[in-house]
Amino acid sequence: MSDQVRQVVIIGSGPAGYTAAIYAARAGLRPLMIASSVDAGGELMNTTDVENFPGFPEGVQGPDLMDRFREQAEKFGTEILLDDVTEVDLAGDIKTVRTGGGQTFRALTVILSTGSAYRRLGLADEDRLSGHGVSWCATCDGFFFRNKTIAVVGGGDSAMEEATFLTRFAEKVYVVHRKDSLRASKIMQQRAFDNAKIEFVWNSAVAGIEGAEAVEQIRLSSTTGGEDRTLAVSGVFIAIGNDPRTGLVSEQLALTPEGTVQVDGRSSRTSIAGVFAAGDVIDPTYRQAITAAASGTVAALDVEHYLADLPTALLSEADAVDEKDSAPSAGSTETPAGQLVGTH
Ligand code: NDP
């Protein structure tokens with residue numbers, strides 16, 4: 001374990017984490033972001049066109065947007081570590097963060113911006129057939145379904161986006177939804193309604209996903225007392241929302257009834273002093289890239305205020321060792337898990 005006590009460690013690298021990093025770095029807090037070994041960049045890395053992020057009137061690809069977030073965070077001195085946090089100890093003045101790569105970090109503050117994870121249907125064969133026709137990511141797996149018939153489950157923006165994107169490859173895309181109207185925004189709904197390859201299957205819940213080696217069909221049960229039926233499909237894309245990723249902290253931080261990390265009013269302050277949370281992990285409602293980014297700003301400002309109020313002895317401990325443990329040199333980009341990618 002390094003002796004260094006950092007001023008802030010940011011866990012998670014979506015729009016919330018990066019924006020917190022940009023603000024914290026510009027405030028001279030030299031943040032360390034632990035960005036995940038495989039999911040760095042968060043959910044937008046699996047998204048195609050982002051049309052509603054202000055400042056991009058032509059739209060921007062999700063991964064390109066995240067590259068720009070990262071570039072901006074690094075420009076101001078954020079250290080980014082491609083590793084997964086496996087354990088945190090948030091009690092006390094100095095927090096401890098351990099990674100799968102075997103490193104331990106100590107910090108006066110932690111910003112939790114771990115986002116959310118794809119929700120599962122909870123069916124017996126969902127996991128068995130995952131990667132064999134069952135997917136949560138059209139941009140990752142759509143290519144494998146060229147000229148096939150597939151189903152997308154869900155009625156929100158994600159389902160519309162996935163279904164519309166998948167028509168680039170698939171011959172036909174069923175959208176299976178448990179109600180008779182969609183939750184998705186009007187523009188996304190209309191785009192799907194206008195697409196000749198998409199057929200809606202209303203009032204239907206997926207009761208089973210079947211296939212020996214790969215998906216062959218899904219069983220649908222009617223949610224309105226109608227006939228049950230089967231649909232022959234070779235792929236099922238599940239787009240039924242996300243759940244906040246709180247596994248790391250659920251034993252230590254207070255959660256809301258919706259399962260998000262509880263914060264104090266409009267702030268990012270959690271139930272433990274010095275621990276702040278931002279983005280989808282605190283937001284059961286809006287869950288947009290731009291709202292997550294704004295929430296990252298709030299977290300960085302809250303960290304600044306918190307640090308400003310700490311006793312000088314604690315602060316100088318962080319500062320003193322900071323000088324000694326000078327940051328690694330800038331610029332390496334190719335990074336096995338557990339290495340720093342950017343320190344300037
Ligand atoms: P949502 O929570 O908005 O929608 C989830 C959908 O899945 C709902 O239609 C819901 O049904 C259905 N559902 C939930 N659980 C189940 C279940 N167990 N079985 C069957 N169906 C289920 O999630 P999204 O991921 O679509 O969107 C999340 C947020 O991200 C939203 O704010 C959305 O606007 C945003 N987003 C924006 C995009 C964009 O603007 N480009 C793209 C993608 C997402 P019901 O309606 O009955 O509750």
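It should be emphasised that the depicted structure is a prediction, and the values quoted were computed from it without experimental measurement.
Partners of D89 according to the salt bridge (charged side-chain N to carboxylate O under 4.0 Å, His left out) rule, which considers only residues two or more places apart in sequence or in another chain, do not exist here.
Residues E71 and K75 are not paired through a salt bridge, judged by the lack of any N-O separation under 4.0 Å between the basic side chain and the carboxylate. Taking a cutoff of 4.0 Å between a charged side-chain nitrogen and a carboxylate oxygen, R245 and D280 do not qualify as a salt bridge.
Two residues are said to be in side-chain contact when any heavy atoms from C-beta on lie closer than 4.5 Å; D127 and R120 meet this criterion. With contacts defined as side-chain heavy-atom distances shorter than 4.5 Å, the pair F237/V153 does not qualify. Using a 4.5 Å heavy-atom threshold, the side chains of F105 and I34 count as touching. Taking the side chain as every heavy atom from C-beta outward, T223 and K179 never approach each other to under 4.5 Å. Counting only heavy atoms from C-beta outward, the side chains of M33 and V9 never approach each other to under 4.5 Å. Residues V97 and T104 have side chains not in contact (no heavy-atom distance under 4.5 Å, counting atoms from C-beta outward). Inter-residue side-chain proximity for L112 and T270 is flagged as unmet; no heavy-atom pair is nearer than 4.5 Å.
Geometrically, R119 does not engage W136 in a cation-pi contact defined by less than 6.0 Å to the ring centre and at most 45° from the axis. For the pair R26 and F76, the cation sits on the ring face: its NZ or CZ lies under 6.0 Å from the ring centre, inside 45° of the axis.
Side chain of T164 to backbone of E161: no donor-acceptor contact under 3.5 angstrom is found. A donor-acceptor pair under 3.5 Å is absent between the side-chain atoms of T260 and the main chain of T256, judged by distance alone. Checking side-chain atoms of S130 against main-chain N and O of R128 turns up no donor-acceptor pair under 3.5 Å. Proximity of a side-chain donor or acceptor of E162 to a complementary backbone N or O of S158 within less than 3.5 Å is not detected.
Taking the six-membered ring for Trp and thresholds of 30 and 60 degrees, F276 and Y306 have ring planes more than 60 degrees apart, a perpendicular arrangement.
Atom OH of Y23 has 12 or fewer heavy atoms from other residues, nucleotides or ligands within 6.0 Å. Heavy atoms of other residues, nucleotides or ligands lying less than 6.0 angstrom from CZ of F193 number more than 12.
Residue I10 is grouped with residue I94 when hydrophobic side chains (ILVMFWY) are merged at heavy-atom distances under 4.5 angstrom, including chains of intermediate members. The hydrophobic clustering, which links ILVMFWY residues whose side-chain heavy atoms are closer than 4.5 Å, places V88 and L32 together.
Looking only at atom types and distance, the side chain of D83 has no donor-acceptor partner in the side chain of S37 under 3.5 Å away. No donor-acceptor contact under 3.5 angstrom links the side chains of N203 and S222, judged on distance only. Side chains of D228 and S221: a donor-acceptor N/O pair is absent below 3.5 angstrom, by distance only. Under 3.5 Å, the side chains of S116 and D243 contain no donor-acceptor pair of N or O atoms.
Taking the centre of each ring, F200 and Y174 stay at or above the 6.0 Å mark.
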